[in-house]
Amino acid sequence: MLLIPQFPLQRVGEELERLRASAPLVHCLTNEVVQSVTANVLLALGVSPAMIVADEEVAEFATIADALLINVGTLYPARLMAMQKAVTAANAAGTPWVLDPVAAGVLAYRTAALHDLLKQKPAVIRGNASEIMCLAGEDAGGKGVDSTAHSGMAVAAAQRLARQTGAIVAVTGEVDYVSDGEVTWAIPWGHTLMTRVVGTGCALSAVTAAFVAGAGDRLAAVAAACAVMAIAGERAESACDGPGTFLPAFLDALYIMQPAMLRAVEE
Amino acid sequence: MLLIPQFPLQRVGEELERLRASAPLVHCLTNEVVQSVTANVLLALGVSPAMIVADEEVAEFATIADALLINVGTLYPARLMAMQKAVTAANAAGTPWVLDPVAAGVLAYRTAALHDLLKQKPAVIRGNASEIMCLAGEDAGGKGVDSTAHSGMAVAAAQRLARQTGAIVAVTGEVDYVSDGEVTWAIPWGHTLMTRVVGTGCALSAVTAAFVAGAGDRLAAVAAACAVMAIAGERAESACDGPGTFLPAFLDALYIMQPAMLRAVEE
Amino acid sequence: MLLIPQFPLQRVGEELERLRASAPLVHCLTNEVVQSVTANVLLALGVSPAMIVADEEVAEFATIADALLINVGTLYPARLMAMQKAVTAANAAGTPWVLDPVAAGVLAYRTAALHDLLKQKPAVIRGNASEIMCLAGEDAGGKGVDSTAHSGMAVAAAQRLARQTGAIVAVTGEVDYVSDGEVTWAIPWGHTLMTRVVGTGCALSAVTAAFVAGAGDRLAAVAAACAVMAIAGERAESACDGPGTFLPAFLDALYIMQPAMLRAVEE
């Protein structure tokens with residue numbers, strides 16, 4: 001594997017400053033398990049979440065929102081139909097949307113649905129190694145909703161998937177990698193305690209949607225989303241005793257994170 | 001705007017004492033995002049929550065429960081049908097019900113559903129300024145699920161909506177106002193960190209349902225519900241570092257709040 | 001009532017050690033209110049949760065998972081059909097499944113559904129006194145989702161239900177009792193603050209499924225699941241100020257619990 005450069009902290013700060021100033025409205029069609037933590041992560045960052053799920057409402061709302069998240073964690077036909085309508089409306093309105101392909105490759109129904117959604121031109125795809133490798137056409141052998149492969153093993157798949165789809169692709173794990181198919185950044189921060197709290201990955205996809213809303217440079221926006229969550233994870237870890245006290249500390253860290261502070265840290 | 005008197009702390013204490021003694025059972029038909037925090041807020045206050053959602057069960061349960069909450073945050077046809085059945089059964093049984101009109105006016109489908117529900121005589125309507133102004137027939141321009149108007153701007157709309165519907169109307173924000181169309185109270189406590197945690201408004205509607213169960217004076221019951229939540233918010237704010245540590249502190253504050261303590265505080 | 005022996009702490013430690021080493025994948029078809037806390041409890045223990053809910057996916061996933069949880073808290077027809085498919089597939093694959101009969105006896109629809117599910121041979125049934133007495137054919141008069149009877153009053157019903165169904169039956173409350181119809185254990189630890197946080201009982205059923213996965217002695221596995229949750233509850237209570245700070249402390253206690261520590265405590 002080639003050496004992949006680290007995304008600069010100064011640019012994380014610039015993107016965070018832009019996010020805080022714009023306070024986007026993010027339409028989340030996400031899974032049943034993580035709706036609450038997703039909303040709390042967005043609110044901590046000053047973003048407005050809206051979980052609008054009805055077939056009757058998603059198209060109207062996709063034109064109001066600044067970005068759309070599609071997460072297939074607890075997929076079923078009625079919700080899938082609403083997702084397809086929301087995506088069509090978002091594309092018509094020029095609203096960027098993010099795809100979180102939870103457990104791609106593990107189950108046939110969602111894998112087929114994901115391949116259909118892929119054709120609808122997501123602005124971003126954010127998944128773990130197994131999921132990204134599956135969407136790129138490799139067999140990665142995921143087990144349940146967790147990846148059995150390391151993110152580093154999926155860098156080439158992420159780059160290929162980005163070129164195939166035109167999306168920015170983020171493959172997340174111990175190190176996160178973000179690519180547009182040409183340029184690839186590494187985001188090395190984070191803490192393993194994040195894997196012991198449900199929804200941190202799903203919430204990252206929502207945060208990615210928030211950063212991509214109105215972004216001039218989508219690759220930088222996605223890398224900054226990964227960096228903000230990873231850095232908050234590191235800070236929370238030093239203020240907690242386990243996964244229970246991690247989550248409150250993590251939300252606080254997102255809330256108090258200062259762009260100026262991030263720029264100052266950079267060597 | 002006329003000067004609106006503050007609801008007396010002594011009466012908050014009396015209503016809280018009544019709530020703690022009666023420990024009502026509250027049937028919640030609420031949105032997908034906030035079910036967990038709603039249940040935890042009710043449990044912290046000693047109230048029994050029950051989230052019964054099936055078409056097949058709601059009518060039977062509405063006659064067992066002491067109050068019913070209807071929140072349209074994540075509305076879709078099957079859930080709306082269950083809500084209508086629950087409301088009809090609650091009315092037949094004399095069980096009071098509370099309407100939380102999330103995002104009224106923003107989307108056509110739910111706005112139509114809300115105007116239908118309004119005809120079914122809710123005991124209480126609890127919303128933000130945009131939502132209350134919409135139900136009262138004014139265009140308030142809400143964005144997403146958050147109000148773009150201040151609660152003070154909606155006092156006249158709340159009073160008119162109360163007279164139109166016979167419900168107690170609570171419009172909540174930095175200051176909460178509660179009116180039966182004749183008498184109006186202000187509830188000035190609270191903290192802005194509450195807007196950075198998902199579900200505090202939705203949970204307030206559930207708490208309102210709990211206070212209204214078996215209440216002799218429904219106006220006082222609703223004002224007390226607003227006051228208890230706002231005072232707990234103030235106390236939690238002084239014990240937390242951000243929105244993450246706010247929520248645990250808020251639940252603790254609800255749990256330990258003493259009626260006698262509230263009466264003693266009053267000047 | 002006969003004197004019922006306490007389940008030995010040493011065996012709790014042995015079962016916990018086995019759980020940590022095997023890190024099972026638990027398929028949860030549980031209620032809308034508790035999905036997040038259920039996932040976080042399992043993750044804190046090192047177990048992989050997966051909430052797969054679609055009719056189209058449950059049968060395929062039931063053969064991948066190491067155990068299955070069925071909880072009827074927010075039952076409706078589409079979810080019930082998915083549950084029945086998942087149970088059929090789990091039985092065909094030899095995957096053990098746990099039944100949590102929330103509010104059995106309170107509402108006709110779910111009570112009928114539960115009697116149907118009972119015929120499908122759950123490996124474990126975990127409920128409160130009212131629920132277990134209802135399934136065993138006694139009228140226990142539950143109110144809402146909380147039991148009105150003490151767990152000690154339901155020991156005979158639990159033993160009879162175990163003999164009738166071939167399942168291990170756990171009736172939980174201030175003291176938990178676990179029986180296979182012949183041998184019965186008491187689990188005396190725990191703290192009443194657990195009843196002020198939504199989902200601790202539902203999460204226990206999920207933890208029971210995790211312990212039963214690959215267990216040599218299912219009675220011991222279920223007793224250990226109850227003991228681990230109760231002991232974590234006691235420890236969390238000493239580190240918290242109320243139900244809000246209880247939950248983070250409880251998850252931390254599950255995360256740091258050491259099998260060796262438990263074995264050493266035993267007198």
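From a predicted model like this one, the values you see are computed outputs, not experimental measurements. In what follows, every chain begins at residue 1, and chains take the letters A, B, ... in the order their sequences are listed.
Annotation: the span from B/L45 atom CG to C/R196 atom CZ amounts to 8.5 Å, rounded to 0.5 Å. With rounding to the nearest 0.5 angstrom, the OH atom of B/Y255 is 11.0 Å from the CG atom of C/D241. Put simply, CE on B/M51 and OG1 on C/T74 are 10.0 Å apart, with the number rounded to the nearest 0.5 Å.
Annotation: side-chain hydrogen bond (donor to acceptor under 3.5 Å, both in side chains) contacts involving residues 242-254 of chain C, sequence neighbours excluded, comprise A/T245-C/D252, B/D252-C/T245. Every pair tested for salt bridge (Lys or Arg N to Asp or Glu O under 4.0 Å) that includes a residue from residues 36-45 of chain B fails, sequence neighbours excluded, so the list is empty.
Taking 4.5 Å as the heavy-atom cut-off, the residues of residues 30-40 of chain C that approach chain B are C/E32, C/V33, ordered by number.
Neither the backbone nor the side chain of C/A78 has a heavy atom closer than 4.5 Å to any heavy atom of chain B. Neither the backbone nor the side chain of C/L247 comes within less than 4.5 Å of any heavy atom of chain B.
For the pair C/F246/B/L251, no side-chain contact is recorded, criterion being any heavy-atom separation below 4.5 Å from C-beta on. The shortest side-chain heavy-atom distance between B/E57 and C/V106 does not fall under the 4.5 Å cut-off. Residues B/L43 and C/V198 form a side-chain contact, since some pair of their non-hydrogen atoms from C-beta on lies under 4.5 Å apart. Between B/D55 and C/Y76, the closest side-chain pair of non-hydrogen atoms is not below 4.5 Å.
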Between side-chain atoms of residues 113-120 of chain C and protein atoms elsewhere (two or more places apart, or another chain), which donor-acceptor pairs fall under 3.5 Å?
unit_1, atom_1, unit_2, atom_2, d
C/D116, OD1, C/K119, NZ, 3.4

